[in-house]
Student: 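Following this message is one structure expressed as structure tokens.
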Amino acid sequence: MLQATKEMESGVTNGDGSGAAEEQDDAPGDVDVIGGLAREELHSLLGEMLLYRRFEEKAEEAYAIGKIGGFCHLHIGQEGLAAGAIRPLRADDLVITAYRDHTMAIAKGITPRAAMAELYGRVDGCSGGRGGSMHLFDPTVGFMGGHGIVGGQIPIGTGLGWAIRYRGDDQVCVCFMGDAAVNQGAFLESLNMAAIWHLPVIYVVENNEYGMGTAFSRVSATEMEARSGAYGIPAHTVNGQDVLETYRFFADMAERVRGGAGPQFVNAETYRFRGHSMSDPVSGTYRSKEEVESHVQEQDPITILRDRLMEADLLTQAELEAMDAEVRAVCEDAAEFADASPVPDPATLYDNVYAEVNAHGRLFLDGRGPGPAAGGPGGATHG
Amino acid sequence: MAEMTYRDALNAAMCQEMDRDDSVFLMGEEVAEYDGAYKVSRGMLARYGDRRVVDSPISELGFAGLCVGAATTGLRPICEFMTFNFSFLALDQVINNAAKMFYMSNGRISVPIVFRGPTGAALQLAAQHSQACETYYVHAPGVKVVTPGTPADAKGLLAAAIRDDDPVAVMEGELLYNVRGEVPDGEYVIPLGVADLKRSGGDVSIITHGKMVHVALQAATMLARDGIEADVLDLRSIRPLDVDAILETVARTNRVVYLEEGWPFAGVGAQIVALIQEEAFDDLDAPVMRVTQADVPMPYAKTLEQLAKPGARNVVDACRRVLYQPAGSS
């Protein structure tokens with residue numbers, strides 16, 4: 001039996017069933033597709049979101065016992081975007097995001113093992129233990145990070161789009177950011193350039209209403225939807241808690257941008273169920289307990305999809321439990337894998353600072369880094 | 001060999017590399033239709049078209065970041081800053097992204113980008129347009145910095161920088177663009193990390209980089225009138241640093257003056273002094289002296305500007321101090 005403690009957030013138990021009656025009109029029990037998605041695809045989306053949820057819960061658990069250090073920002077509550085915006089993309093499309101990146105990375109193809117090992121700071125992590133929670137990378141699956149400075153990834157995402165256009169390729173780049181990032185100059189400069197050069201970039205704001213502890217509305221002169229208008233970039237709003245709406249939107253939008261529609265701006269409304277990072281309480285000075293609880297109860301993307309599938313007789317409780325058991329096992333395995341992975345070899349400290357260590361001259365001046373031999377009493381420059 | 005200006009040598013290097021590699025492109029303010037704010041990219045728009053020679057909006061943070069992003073896919077952008085003074089707007093992209101992404105991704109994403117443009121003072125441009133920016137760049141592991149002082153070095157070092165797989169800042173001198181010199185014909189590449197002994201003396205070493213090479217040579221000429229022969233070692237590349245060449249000249253003269261255009265506090269010279277005392281302490285017959293810009297923002301008034309800039313006279317005086325000689329007539 002599933003644990004009751006995670007009931008509201010897990011979406012796995014059937015709650016009180018209160019949502020069942022409301023959506024009967026658009027969810028007749030005899031169809032096997034919803035919104036053009038077959039049963040198998042619907043199950044896949046639900047399974048993905050469940051995987052992300054369990055992964056983040058596992059990370060939370062590991063953080064609490066000191067297996068994960070530093071800053072750690074969980075995506076719990078926002079899984080609808082990882083699944084809905086990234087799963088419709090092609091394998092060679094590019095995704096870049098900020099530091100709330102775990103589930104985004106997994107959605108794009110980084111394995112839960114490689115992601116968890118990176119959170120643990122181990123050699124089998126997707127960044128070899130160099131990046132940590134905020135800096136997951138794997139260009140072979142089109143995941144370009146994992147960036148820690150608010151808004152800093154937006155010009156880079158713009159450059160990814162520029163490179164696609166330069167080469168005449170037909171990929172698209174999806175550049176995620178938090179709502180606070182749109183008040184950075186980097187956002188404005190990027191949108192302007194994307195517009196003048198007609199770049200294949202979809203800028204997606206994960207609008208969870210708060211930049212850390214500051215409500216967007218308190219520090220923003222205009223609404224989110226108005227932010228791209230000055231550059232002539234179309235703005236769209238999607239309900240990020242409705243993964244089917246999100247999935248359909250991005251499936252369509254990716255093809256439109258691929259076909260030459262130019263840059264797009266998407267305000268994806270969502271909500272963060274946890275604190276900003278591990279040190280931030282779920283509720284407190286900037287948002288009330290009641291506000292968070294109402295979102296958790298009514299706006300959980302997993303619960304919303306689960307209920308729709310059950311109402312449409314496309315999902316049984318047994319199937320759900322099997323699905324959940326499977327993703328729990330994946331996350332358990334990821335944590336065990338991470339824990340068993342070696343810590344980085346001290347001899348690799350200076351590896352990958354530079355791609356090319358030139359034949360001449362010294363790159364490291366700390367007196368202990370690797371480099372050509374040098375004499376003198378303080379010249380211990382050999383690592 | 002052909003005689004050409006420093007400006008044309010830079011142009012020749014970019015064309016040399018753009019001819020051989022389609023992944024190289026030039027982006028910056030005024031680089032295309034205007035031919036470059038300092039005419040370094042003259043004729044390149046006509047030669048390569050607007051796909052590869054691209055006028056950017058005045059958005060240093062934006063276009064520098066765009067170039068970094070393009071580089072992460074394997075393109076080789078030449079990101080021109082009209083001057084490095086303006087690059088402070090883009091430093092997040094340089095320091096946090098270009099410099100660190102290869103390390104943070106454990107070598108999975110390299111950033112083969114060149115940031116280039118003039119650094120340092122010109123004439124009466126006042127505080128915000130007259131500062132040496134090397135220190136800001138060379139401070140960050142992950143970035144390489146080269147400072148060509150002659151037309152030949154400009155061609156060879158810029159070509160090497162474009163071919164390098166790391167972010168390289170090529171810091172030019174605004175007052176050097178019209179300087180003429182012999183430049184090797186055809187493909188010419190100077191490896192990064194190789195200093196150049198621009199003058200061989202033996203009595204005292206003046207070590208320097210960039211535009212200050214010319215001030216050092218002028219000081220050496222003045223000293224020679226009094227029978228003092230100076231080595232002038234041009235680092236050319238600050239990171240990687242040709243430590244062997246530094247130690248060699250120190251061992252020969254036992255007396256060192258470091259000359260740089262920037263401020264002294266944590267400047268390039270501070271690093272060189274630390275290195276020399278760590279690795280060549282026993283070779284020294286005198287403390288190493290530094291000649292830098294006065295530790296003030298650059299003033300506008302001509303008289304004050306002259307005072308603030310490090311000049312040949314300052315270098316001569318410093319050389320005499322490390323030689324324990326009274327200030328002479330030179």
Side-chain angles (χ1 to χ4, degrees), chain A residues 94 96 125-132 135 137-140 144-149 152-164 166-167 185-186 188-190 192-193 196-197 351-365 367 371-372 374-379 381, chain B residues 25 51-52 54 56-57 59-75 77 89 92-93 96-97 101-112 141-142 144 164-166 191-195 237 239-244 247 271 274-275 277-283:
Chain A
L94 301 173
I96 187 166
C126 55
S127 308
R130 296 292 201 285
H135 305 299
F137 291 92
D138 188 349
T140 65
M144 305 300 283
H147 295 269
I149 307 297
Q153 80 281 13
I154 308 173
I156 298 188
T158 307
L160 297 174
W162 203 88
I164 292 167
Y166 186 86
R167 292 191 169 99
L188 309 173
E189 295 184 17
S190 293
N192 182 55
M193 293 187 298
I196 60 174
W197 293 321
D351 289 358
N352 300 323
V353 178
Y354 291 96
E356 187 176 342
V357 176
N358 303 93
H360 308 279
R362 204 183 293 173
L363 283 168
F364 303 102
L365 274 292
T381 57
Chain B
F25 68 90
R51 171 175 170 262
R52 298 181 69 194
V54 186
S56 75
S59 306
E60 279 83 6
L61 168 59
F63 75 77
L66 182 152
C67 287
V68 172
T72 64
T73 73
L75 296 183
L89 287 156
D92 176 52
Q93 292 299 330
N96 272 317
N97 292 336
M101 220 180 306
F102 190 66
Y103 195 75
M104 292 196 302
S105 70
N106 200 29
R108 305 184 90 161
I109 296 178
S110 63
V111 187
K144 295 170 180 172
D164 203 273
D165 287 333
D166 289 304
L192 303 188
V194 180
S237 160
R239 191 168 188 159
L241 183 67
D242 191 343
V243 176
D244 291 345
L247 297 180
Q271 174 59 53
L275 175 91
Q277 68 87 18
E278 283 168 2
E279 305 196 11
F281 186 78
D282 292 338
D283 284 336

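Sequence lines set the chain letters: A, B, ... in the order given, protein chains first and strands last, and positions in each chain run from 1.
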Student: Non-hydrogen atoms of chain A under 4.5 Å away: do they reach the side chain of B:Val54, the backbone, both or neither?
Tutor: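 When you check distances to chain A, only side chain atoms of B:Val54 fall under 4.5 Å.
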Student: Backbone N or O of A:Ala355 within a donor-acceptor pair of the B:Asp165 side chain at under 3.5 Å?
Tutor: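 Not confirmed, B:Asp165 side chain does not pair with A:Ala355 backbone.
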Student: I'd like to check A:His147 versus B:Met101 (side-chain heavy atoms, cut-off strictly below 4.5 Å). Are they in contact?
Tutor: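 A:His147 reaches B:Met101 side chain to side chain.
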Student: Of all of B:Val111, B:Leu275, B:Asn96, which one pairs up most often with chain A through heavy atoms under 4.5 Å apart?
Tutor: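 Winner by heavy-atom pair count: B:Asn96.
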Student: Can a donor-acceptor pair be found, under 3.5 Å and without considering hydrogens, that links the side chain of B:Arg108 to the backbone of A:Cys126?
Tutor: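 It does hold such a pair.
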Student: How far does CG of B:Leu61 sit from CD of A:Glu189, to the nearest 0.5 angstrom?
Tutor: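 Going from the CG atom of B:Leu61 to the CD atom of A:Glu189 covers 4.5 Å.
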Student: Out of A:Asp138, A:Ile164, A:Ile196, A:Leu94, which one racks up the most heavy-atom pairs below 4.5 Å with chain B?
Tutor: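 Greatest number of close heavy-atom pairs with chain B: A:Asp138.
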Student: Examine whether an atom of B:Glu60 lies under 4.5 Å from a heavy atom of chain A, and if so say whether it belongs to the side chain, the backbone or both; otherwise answer neither.
Tutor: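 Just its backbone gets close to chain A.
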Student: To the nearest 0.5 Å, what is the distance between OG on B:Ser105 and CG on A:Asn352?
Tutor: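 The CG atom of A:Asn352 is 7.5 Å from OG of B:Ser105, to the nearest 0.5 Å.
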Student: Could you tell me whether the side chain of A:Arg362 reaches within less than 4.5 Å of the side chain of B:Asp244, counting heavy atoms only?
Tutor: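 Side chain of B:Asp244 against side chain of A:Arg362, heavy atoms only: no contact under 4.5 Å found.
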Student: Based on non-hydrogen pairs under 4.5 Å, which of B:Asp242, B:Asp166, B:Leu192 is most in contact with chain A?
Tutor: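 It is B:Asp166.
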Student: For A:Tyr354, check ring pair (Phe, Tyr, Trp, His ring centres under 6.0 Å) against everything at least two apart and list the hits.
Tutor: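 Checked A:Tyr354 against ring pair (Phe, Tyr, Trp, His ring centres under 6.0 Å); matches are A:Phe364.
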Student: Looking at CZ of A:Arg167 and CZ of B:Arg51, how far apart are the two atoms once the value is rounded to the nearest 0.5 Å?
Tutor: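 Taking CZ in A:Arg167 and CZ in B:Arg51, the distance rounds to 9.5 Å.
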Student: Tell me whether A:Arg130 forms a cation-pi arrangement with B:Tyr103, defined as NZ or CZ under 6.0 Å from the six-membered ring centre and within 45 degrees of its axis.
Tutor: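 Ring-cation test returns yes.
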Student: Say you draw a straight line from OG of A:Ser127 to CE of B:Met104; how long is it, rounded to the nearest 0.5 Å?
Tutor: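 It is 8.5 Å, given to the nearest 0.5 Å.
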Student: Using heavy-atom distances under 4.5 Å, tell me whether A:Leu365 contacts chain B through its side chain, its backbone, both, or neither.
Tutor: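 Answer is both: backbone and side chain atoms of A:Leu365 are under 4.5 Å from chain B.
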Student: Considering non-hydrogen atoms only, spot the tightest contact between B:Gly69 and A:Leu160 and give its length.
Tutor: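 Minimum heavy-atom contact is O-CD2, 3.5 Å.
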Student: For chain A, which of B:Pro240, B:Gly193, B:Ala70 has the most heavy-atom pairs under 4.5 Å?
Tutor: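 Between B:Pro240, B:Gly193, B:Ala70, the count favours B:Pro240.
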Student: Could you give the distance from CE (A:Met193) to CG (B:Leu66), rounded to the nearest 0.5 Å?
Tutor: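 Answer rounded to 0.5 Å: 4.5 Å.
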Student: Do you know the tightest heavy-atom contact between A:Gly152 and B:Gln93?
Tutor: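 In terms of heavy atoms, the two residues are closest at O-NE2, 2.9 Å.
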Student: Output the distance between atom CD (A:Glu356) and atom CG (B:Asp164), rounded to the nearest 0.5 Å.
Tutor: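 Output value for this atom pair is 4.0 Å.
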Student: Return the option, out of A:Thr158, A:Ile96, A:Val353, with the maximum number of heavy-atom pairs under 4.5 Å with chain B.
Tutor: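 Between A:Thr158, A:Ile96, A:Val353, the count favours A:Val353.
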Student: Between A:Asp351 and chain B, which part of the residue has a heavy atom less than 4.5 Å away: side chain, backbone, both or neither?
Tutor: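 Only the backbone of A:Asp351 comes within 4.5 Å of chain B.
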Student: Is the closest side-chain heavy-atom distance between B:Thr72 and A:Met144 below 4.5 Å?
Tutor: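 Sidechains of A:Met144 and B:Thr72: in contact.
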Student: Mind listing the closest non-hydrogen atom pair of B:Gly62 and A:Pro155 along with its distance?
Tutor: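 Distance-wise, the nearest heavy atoms are O-CB, 3.7 Å.
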Student: At a 4.5 Å cut-off on heavy atoms, which part of B:Ser110 comes close to chain A: side chain, backbone, both, or neither?
Tutor: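 The side chain, not the backbone.
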Student: Does A:Trp162 have its ring centroid less than 6.0 Å away from the ring centroid of B:Phe25?
Tutor: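 For A:Trp162 and B:Phe25, the ring centres are under 6.0 Å apart.
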Student: Any side-chain heavy atom of A:Leu363 sitting closer than 4.5 Å to one from B:Arg239?
Tutor: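 They are in contact (side-chain heavy atoms under 4.5 Å apart), so the answer is yes.
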Student: Picking from B:Leu89, B:Val68, B:Val194, B:Asp283, which has the most non-hydrogen pairs under 4.5 angstrom with chain A?
Tutor: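 Answer, by heavy-atom pair count under 4.5 Å with chain A: B:Val194.
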